[in-house]
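Structure first, then comments.
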Amino acid sequence: MSTHGLEPIDSKFVPRFAQIATFMRAAFREKAEGLDIALYGVPLDWGSSNRDGARQGPAQMREMSRLIRQTHFVTKMQPFKECRIADMGDAAVNPLDLMGSYDSIQNFVAEIVDSGALPLGVGGDHSITLPILRAVAAKHGPLGLLQFDSHPDTHDELLGHRYNHATCFRRGIEEEVVDPKRYVMLGIRGTLYAPDDLDWAYERGVTIITIEDFFEMGVEKTIEKIHEVLGVEPCYLTFDIDGMDPKDAPGTGAPEPGGPSYRECQEVLRGLRGLNLYGADVNEVSPPLDPSGMTALVACNVMFEELCLLADCVKRRGNE
Ligand code: MN
């Protein structure tokens, strides 16, 4: 497949520190037409309840993603050669208008989805995934969801408010953009507000692979379970960087010790080929809490795994 002049800058020939930063040095395009996969940022963190700074996540990830090379280590996949991929810049958000920003994010992603491209987003706090899901579900129906996270994000309210990064997937189920029967949370842990924090999700049939479950099941059984629950219907992958252990990803607003390592997350991600993905994101990287940039770099590697999964979906659909 021709990449139509969308070749990213090749760091073997152009120094990493040179030129303008885009995600993984991709070409920049303002419109989604003609793309297979659209990379974009959502610099919004007003849905964050604790330490903020995730609004600066897309900028730092563009900078740190200069280190991402273009070939997958195991599969040798080359997404930028096999698909038409560009950085579309950021969704227009307003840090003083949370609900208006959600509308704007939804419209931005709807344009991507309507053009036939798959959205791969970078947050932002985790609440940005709700308007993204609204846009993707408008085209593909209620979605299966895989959520890497330390927190369930299915609370009803936090601090008296219904729209934030602790409630986004409860709203998603209520709005029927997420199918709770095809929804897997992975890595849930940490102290709870109350013993029944997870009950609402359990009662709706959400599959919760807590950290206790994960370390008992191991990577392989976890992958099997994810495929079993998500099946072959359209689904979406969301990766909250606080799902990973803070040893590997400390630069985030609400870190929870005792999580899966980067390596373990990578193994799970690499086991997800075959899912019928219609989009993905990574979020909650907070540059002010990440002075070395390591959390952003780890998140960029998650993003590359997601990119390869989406590229694999593009290829499979092209062959149908
Ligand atoms: Mn989350």
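Whatever order the structure lists them in is the order used to number ligands and atoms, beginning at 1. We use all heavy atoms of the structure for the numbers below, so side chains are in, but hydrogens, waters and symmetry mates are not. Numbers here are sequence positions counted from 1.
Summary: OD2 is the N/O/S atom of D240 found nearest to the Mn ion (ligand 1). Nearest N, O or S atom of D149 to the Mn ion (ligand 1): atom OD2. Of all the N, O or S atoms in D153, the one closest to the Mn ion (ligand 1) is OD2.
Counting all heavy atoms, side chain and backbone alike, N283 lies closest to D240 at OD1-CA, 3.4 Å.
Between R270 and E305, some side-chain heavy-atom pair lies under the 4.5 Å cut-off. Side-chain contact between F108 and P131: absent, with no pair of heavy atoms (C-beta onward) separated by less than 4.5 Å.
Among the atoms of H126, an N, O or S atom falls under 2.8 Å of the Mn ion (ligand 1).
In this structure, a donor-acceptor pair under 3.5 Å is absent between the side chains of D87 and T22.
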